[in-house]
Amino acid sequence: MGDTIGAPALAGEYIPFWNGFIQGELYSYSVVWLLIGIALLGLGARFEARSLRIASAALVFIAVVKAFLIDMANLEGFLRALSFIGLGAVLIGIGLFYQKILTRKKTTG
């Protein structure tokens with residue numbers, strides 16, 4: 001087993017050299033989760049799948065909580081304000097999109 005390429009990694013030999021997450025990596029997780037949540041909302045609206053819309057809401061909620069509790073703690077000044085504004089704009093956009101879905105559903109159904 002020691003001759004294979006992945007054996008040292010599986011054995012945990014590199015764990016002491018791990019220095020944690022870098023800041024950009026932490027922020028990118030929030031952005032990717034938010035984008036996946038928005039994609040799920042779009043798919044849920046397209047296929048009228050309530051379960052996809054609920055999964056979307058859960059993922060967006062997790063991304064927003066992470067952004068407020070973890071990501072914002074490491075930002076200061078202008079970047080923190082810009083992050084709040086961007087997150088607020090995305091949430092308003094999601095709300096308007098969901099309102100449009102509900103309005104369209106009432107007029108057709």
Side-chain angles (χ1 to χ4, degrees):
M1 178 116 168
D3 294 1
T4 61
I5 295 173
L10 292 176
E13 292 180 21
Y14 297 114
I15 290 174
F17 301 110
W18 186 63
N19 293 325
F21 296 107
I22 56 173
Q23 290 305 102
E25 185 179 3
L26 281 176
Y27 303 142
S28 65
Y29 287 141
S30 298
V31 170
V32 168
W33 290 348
L34 200 56
L35 291 175
I36 292 171
I38 291 170
L40 286 175
L41 178 62
L43 288 172
R46 171 105 169 117
F47 297 114
E48 296 181 9
R50 185 172 186 252
S51 60
L52 287 177
R53 293 194 310 263
I54 290 172
S56 165
L59 195 56
V60 167
F61 177 76
I62 290 169
V64 168
V65 168
K66 180 191 172 297
F68 277 114
L69 296 180
I70 297 172
D71 299 344
M72 298 287 182
N74 297 320
L75 294 176
E76 293 180 4
F78 179 72
L79 288 177
R80 180 178 279 189
L82 191 63
S83 184
F84 271 116
I85 291 169
L87 189 59
V90 168
L91 292 175
I92 289 171
I94 289 171
L96 291 174
F97 180 74
Y98 204 81
Q99 182 181 14
K100 188 176 184 180
I101 291 171
L102 293 177
T103 305
R104 184 177 59 194
K105 195 180 239 185
K106 284 183 182 178
T107 59
T108 60

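Quick note: residue numbers are just sequence positions, from 1.
Of all non-hydrogen atoms in Gly37 and Ser56, the two that sit nearest each other are O-OG, 2.6 Å. The two residues Tyr98 and Leu41 make their nearest non-hydrogen contact at CD1-CD1, 3.6 Å.
In the displayed structure, Glu25 atom CD is contacted under 6.0 Å by more than 12 heavy atoms of other residues, nucleotides or ligands.
Between Val90 and Ile38 the shortest side-chain heavy-atom distance falls below 4.5 Å. For the pair Leu87 and Leu34, the minimum side-chain heavy-atom distance is below 4.5 Å.
Leu91 and Phe84 fall within the same hydrophobic cluster, where Ile, Leu, Val, Met, Phe, Trp and Tyr residues are linked whenever their side-chain heavy atoms come under 4.5 Å apart, directly or through other members. Residue Val31 is not grouped with residue Ile94 when hydrophobic side chains (ILVMFWY) are merged at heavy-atom distances under 4.5 angstrom, including chains of intermediate members. Cluster annotation: Val32 is connected to Ile62 through the hydrophobic network of ILVMFWY side chains, with a link wherever side-chain heavy atoms come within less than 4.5 Å.
Rounding to the nearest 0.5 Å gives a distance of 10.5 Å between CG of Leu35 and OG of Ser30. The distance from the CD1 atom of Ile85 to the CZ atom of Phe78 is 7.5 Å, given to the nearest 0.5 Å.
Every side chain to side chain contact (heavy atoms under 4.5 Å, CB included) that Leu43 has, sequence neighbours left out, goes to Phe47, Leu52. Residues that satisfy the ring-ring contact (aromatic ring centres under 6.0 Å, His included) test with Phe97, not counting sequence neighbours, are absent from this structure. In this view, Gln23 and Leu26, Tyr27, Asn74 satisfy the side chain to side chain contact (heavy atoms under 4.5 Å, CB included) rule, not counting sequence neighbours. With sequence neighbours excluded, no residue forms a ring-ring contact (aromatic ring centres under 6.0 Å, His included) with Phe61.
No donor-acceptor pair closer than 3.5 Å links the side chain of Ser83 to the backbone N or O of Arg80.
Annotation: salt bridge (charged side-chain N to carboxylate O under 4.0 Å, His left out) contacts involving residues 59-68, sequence neighbours excluded, comprise Lys66-Asp71. For residues 45-57, there are no salt bridge (charged side-chain N to carboxylate O under 4.0 Å, His left out) pairs, not counting sequence neighbours.
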